[in-house]
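Remember, it's 1-based here, ligands and their atoms both numbered in the order they're listed.
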Amino acid sequence: MNVIRVAIAGFGGVGRATANLLLARRDRYRQVHGAEIRLVAVCGSRSGLADADGLEAERLDALEPGLSGPAFIEASGADILIEAGPSDFRTGGPGLAYIRSSLSAGRDAIVISKGALVHSGPELLALARSSGALLKLSGAAAAALPTIDLLDHSLKGCEVLEIEGILNATTNYLLDAMMNQNLGFDEALAHAQAGGFAEADPRNDTEGWDTASKLILIANFGLDAALTMDDLVVEGIQSVTAQDIEAWRKQSLVPKLVGSLIRTDRATRATVGIRTYPPTDPLAHVSGKNKAIRITTDAMGETIAIGSGTEPLATAAAALKDLEHILTTRAAQATSGKGGEE
Ligand SMILES: NC(=O)c1ccc[n+]([C@@H]2O[C@H](COP(=O)([O-])OP(=O)(O)OC[C@H]3O[C@@H](n4cnc5c(N)ncnc54)[C@H](OP(=O)(O)O)[C@@H]3O)[C@@H](O)[C@H]2O)c1
């Protein structure tokens with residue numbers, strides 16, 4: 001059986017959920033892919049654990065101090081990196097060094113944090129192309145909601161004319177609560193924070209940056225665009241007033257924070273801001289913590305996907321969907337003699 005070694009850098013809620021799901025699915029990987037998956041290393045910012053024979057779930061609560069960093073992951077002999085550290089699109093975050101190190105050595109990377117991909121996407125893509133490594137990012141590009149997969153597979157060959165995405169669950173929940181539960185912005189935010197689905201510092205979500213980051217990833221990795229944050233006009237929901245809510249209610253309009261991309265022959269125009277929809281529009285019915293994407297193409301008209309899932313399991317599952325695509329690709333390459341060491 002083909003042994004595939006996996007390492008996880010970033011071991012918070014999502015990293016741990018990914019490790020546990022990976023270990024729970026090992027029988028599936030054996031049966032479906034003929035692959036023996038071993039989790040050979042995990043690490044947080046200051047501690048980690050490695051074992052070339054594979055870590056079991058019960059050992060993952062006892063990380064050892066001092067074991068962290070790209071060199072530690074490299075030394076574990078991992079074939080595939082899963083990166084789940086903090087996201088920072090202004091600097092690339094700690095994930096950038098892990099991803100660079102993995103891709104430049106020709107090792108496949110599954111990236112869950114958005115920061116490095118937004119900050120240095122073209123560089124990382126070029127690294128992957130030159131080393132032959134695969135770079136996957138479903139977890140970063142709206143996770144349980146399929147986005148890049150739709151472009152890569154379901155709509156292949158079509159010209160994408162427009163994309164509209166409700167890509168951030170927190171802001172969708174907040175707008176929903178303001179419209180339907182008569183809550184002000186601060187009150188709705190306090191509810192979301194108490195429920196654990198808004199950050200203590202919510203500005204990355206409420207000011208639209210998380211939506212903008214996902215839109216950039218969809219554009220750059222799904223459509224081969226080269227957008228940076230400076231190319232986007234970004235507005236959030238933090239300034240929505242009771243008067244706005246009242247006016248939308250009176251007009252039977254439903255507000256959503258939408259990342260929008262319009263493509264013409266000459267350019268790709270991307271914005272993030274509030275759009276309002278009549279009740280006849282499917283996007284008006286994307287409620288609570290759901291996300292959605294509408295893609296308009298030249299030949300297949302409009303395609304809409306709506307999705308969510310309980311976090312962090314849903315994001316872990318999105319990352320492991322990427323793992324299965326990598327296993328399939330590598331197996332096909334090995335069969336056709338193009339797989340190199342795989
Ligand atoms: N939570 C979700 O539902 C969700 C959904 C989609 C995407 N994401 C993305 O997934 C990523 C992880 O989210 P999370 O909720 O798991 O965050 P989290 O609980 O804050 O975990 C972050 C982890 O990254 C580690 N880390 C920080 N600096 C590091 C470094 N230099 N090297 C290695 N590890 C480092 C932290 O280590 P310490 O514990 O030692 O500080 C921690 O283990 C984020 O980028 C987030 O945007 C999350």
Side-chain angles (χ1 to χ4, degrees), residues 7-22 41-50 60-76 78 81-102 109-119 136-148 165 167-173 192-193 195-205 209-214 216-218 288-291 307-322:
I8 301 179
F11 210 53
V14 172
R16 280 179 185 277
T18 306
N20 288 323
L21 192 60
L22 178 90
V42 301
C43 75
S45 65
R46 286 179 299 273
S47 58
L49 209 53
L60 299 178
D61 282 332
L63 303 195
E64 294 171 15
L67 303 182
S68 177
F72 164 69
I73 293 291
E74 282 302 302
S76 74
L81 166 74
I82 299 180
E83 191 282 319
S87 184
D88 183 341
F89 69 83
R90 293 177 178 92
T91 64
L96 187 51
Y98 287 94
I99 303 163
R100 270 188 188 138
S101 154
S102 185
I110 295 167
V111 180
I112 298 177
S113 73
K114 292 167 276 292
L117 299 167
V118 173
H119 183 269
K136 298 282 188 181
L137 55 139
S138 293
L145 176 74
T147 55
I148 293 172
L167 301 173
N168 179 270
T170 303
T171 44
N172 201 49
Y173 170 88
Q193 284 168 327
F197 44 90
E199 304 280 335
D201 180 352
R203 287 174 297 179
N204 191 45
D205 293 324
W209 302 112
D210 180 73
T211 299
S213 295
K214 288 170 184 160
I216 287 174
L217 298 188
I218 293 166
K289 289 177 268 170
N290 275 322
K291 290 178 270 190
S308 65
T310 306
E311 294 295 357
L313 178 64
T315 297
L320 296 186
K321 169 185 72 172
D322 286 347

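In this view, Lys289 satisfies the salt bridge (Lys or Arg N to Asp or Glu O under 4.0 Å) rule with no residue, not counting sequence neighbours. With sequence neighbours excluded, the residues satisfying side chain to side chain contact (heavy atoms under 4.5 Å, CB included) with Leu67 are Glu64, Phe72. Residues satisfying the side-chain hydrogen bond (donor to acceptor under 3.5 Å, both in side chains) test with Ser102, not counting sequence neighbours, are none.
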Contacts table for ligand 1: protein N or O within a distance under 3.5 Å of ligand N or O, distances only.
residue  : atom   : partner : partner atom : Å
ligand 1 : 3 (O)  : Glu311  : OE1          : 3.4
ligand 1 : 16 (O) : Gly13   : N            : 3.1
ligand 1 : 16 (O) : Val14   : N            : 2.8
ligand 1 : 19 (O) : Gly13   : N            : 3.1
ligand 1 : 32 (N) : Tyr98   : OH           : 2.7
ligand 1 : 34 (N) : Gly44   : O            : 3.2
ligand 1 : 34 (N) : Ser45   : N            : 3.4
ligand 1 : 37 (O) : Ser45   : N            : 3.1
ligand 1 : 40 (O) : Ser45   : N            : 3.0
ligand 1 : 40 (O) : Ser45   : OG           : 2.7
ligand 1 : 41 (O) : Ser45   : OG           : 3.4
ligand 1 : 43 (O) : Phe11   : N            : 3.0
ligand 1 : 43 (O) : Phe11   : O            : 3.3
ligand 1 : 43 (O) : Gly12   : N            : 3.0
ligand 1 : 45 (O) : Gly85   : O            : 2.7
ligand 1 : 45 (O) : Ser87   : N            : 3.4

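Proximity of a side-chain donor or acceptor of Ser308 to a complementary backbone N or O of Lys291 within less than 3.5 Å is not detected. Here the side chain of Lys321 pairs no donor or acceptor atom with the backbone of Ser138 at under 3.5 angstrom.
Between Ala7 and Ala78, the shortest heavy-atom contact is CB-CB, 3.5 Å.
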